[in-house]
Amino acid sequence: MSLASYICMDRQIPDKYLDLDDEDETLPFYIGRCFADENCLYNVKTSQFHKWYVYEISSHWGIEIVEPFDSVISVKSKEKLHHLFTLMNEFLDEGESFELYTCWLGEESYPKEKSMTLSLELEQLEDIQIPERTHILITKTRGN
């Protein structure tokens, strides 16, 4: 099985951020399909999200930060999350938000196990825990 991460927002992500070369190993992920098909995107949109535009965050493994926090998966997931926050901070306006959800492929319509709300502040990522099937609402606030 594969762990997939999805984001959802009220407006489209600008083309310059989409489908960047998935072979570029300097990028921690790209926004575009890797594991998900149309059914996965539809199921996560209707079961987990409250916004219109849904994208898969592709990195050949989803964003999952669990104990042990120094594991390769958790460390790489923090890098991906940091990159995602930086990218979203570039084009979101103050007050805009996006949603993040990670689950096993095919489990997009399963009930979420955890929900949280964050701002786009990078400092809060230090101690964050994101197990599978966690829904996160992330809002750009003043000063991000």
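- Considering all non-hydrogen atoms of both residues, S47 and E108 come closest at CB-O, 3.7 Å.
- Under a hydrophobic clustering in which Ile, Leu, Val, Met, Phe, Trp and Tyr are joined whenever their side-chain heavy atoms come within less than 4.5 Å, directly or via other members, I57 and L137 fall into different clusters.
- W52 and L100 fall within a single hydrophobic cluster, where Ile, Leu, Val, Met, Phe, Trp and Tyr are joined by side-chain heavy atoms under 4.5 Å apart, directly or via other members.
- Nearest heavy-atom pair across K78 and I128 is CE-O, 4.4 Å.
- When every heavy atom of F98 is checked against every heavy atom of L84, the shortest pair comes out as CE1-CD2, 3.9 Å.
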message: One pair to check against side chain to side chain contact (heavy atoms under 4.5 Å, CB included): C8 and Y101. What are the steps and the verdict?
response: CA-CA 9 Å; C8 185; Y101 189 75; over 6 Å; no

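- When all heavy atoms of Y6 and C103 are compared, the closest pair comes out as CE1-SG, 4.1 Å.
- Panel note: side chain Q48, backbone Y110; a donor-acceptor pair is recorded below 3.5 Å.
- Listed by chain and number, the residues in a ring-ring contact (aromatic ring centres under 6.0 Å, His included) with H82 amount to none (sequence neighbours excluded).
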task: Would you sort out whether M88 and K140 count as a side chain to side chain contact (heavy atoms under 4.5 Å, CB included), showing the intermediate values?
output: CA-CA 9 Å; M88 298 303 269; K140 183 171 182 175; over 6 Å; no

- prompt: Are E121 and T141 close enough, and set up right, to give a side chain to side chain contact (heavy atoms under 4.5 Å, CB included), and what steps lead you there?
  reply: CA-CA 9 Å; E121 296 172 25; T141 58; 4.2 Å; yes

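- Other residues, nucleotides and ligands place no more than 12 heavy atoms under 6.0 Å from the CG atom of D127.
- The distance from the CD1 atom of I138 to the CG atom of L92 is 9.5 Å, given to the nearest 0.5 Å.
- For residues 2-12, the set of pairs meeting the salt bridge (Lys or Arg N to Asp or Glu O under 4.0 Å) definition, not counting sequence neighbours, comprises D10-K51, R11-E96.
- Residue H135 forms a side chain to side chain contact (heavy atoms under 4.5 Å, CB included) with just one option from E113, M116, K112, and that option is K112.
- With rounding to the nearest 0.5 angstrom, the CG atom of L118 is 11.5 Å from the OG atom of S97.
- A distance of 9.5 Å separates OG1 in T117 from CD1 in I136, rounded to the nearest 0.5 Å.
- E99 contributes a side-chain N or O that, together with a main-chain N or O of H50, makes up a donor-acceptor pair within less than 3.5 Å.
- Residues forming a side chain to side chain contact (heavy atoms under 4.5 Å, CB included) with E94 (at least two apart in sequence, or on another chain): R142.
- Rounding to the nearest 0.5 angstrom, the gap separating the CD atom in Q12 from the OH atom in Y55 is 5.0 Å.
- We find the CD-OG1 distance between E107 and T102 to be 12.0 Å, quoted to the nearest 0.5 Å.
- Among all heavy-atom pairs drawn from A4 and L105, the shortest one is CB-CD1, 4.4 Å.
- The local environment of OH in Y53 is crowded, with over 12 non-hydrogen atoms from other residues, nucleotides or ligands closer than 6.0 Å.
- The structure places CD of E79 at 11.5 Å from OG of S74, a figure rounded to the nearest 0.5 Å.
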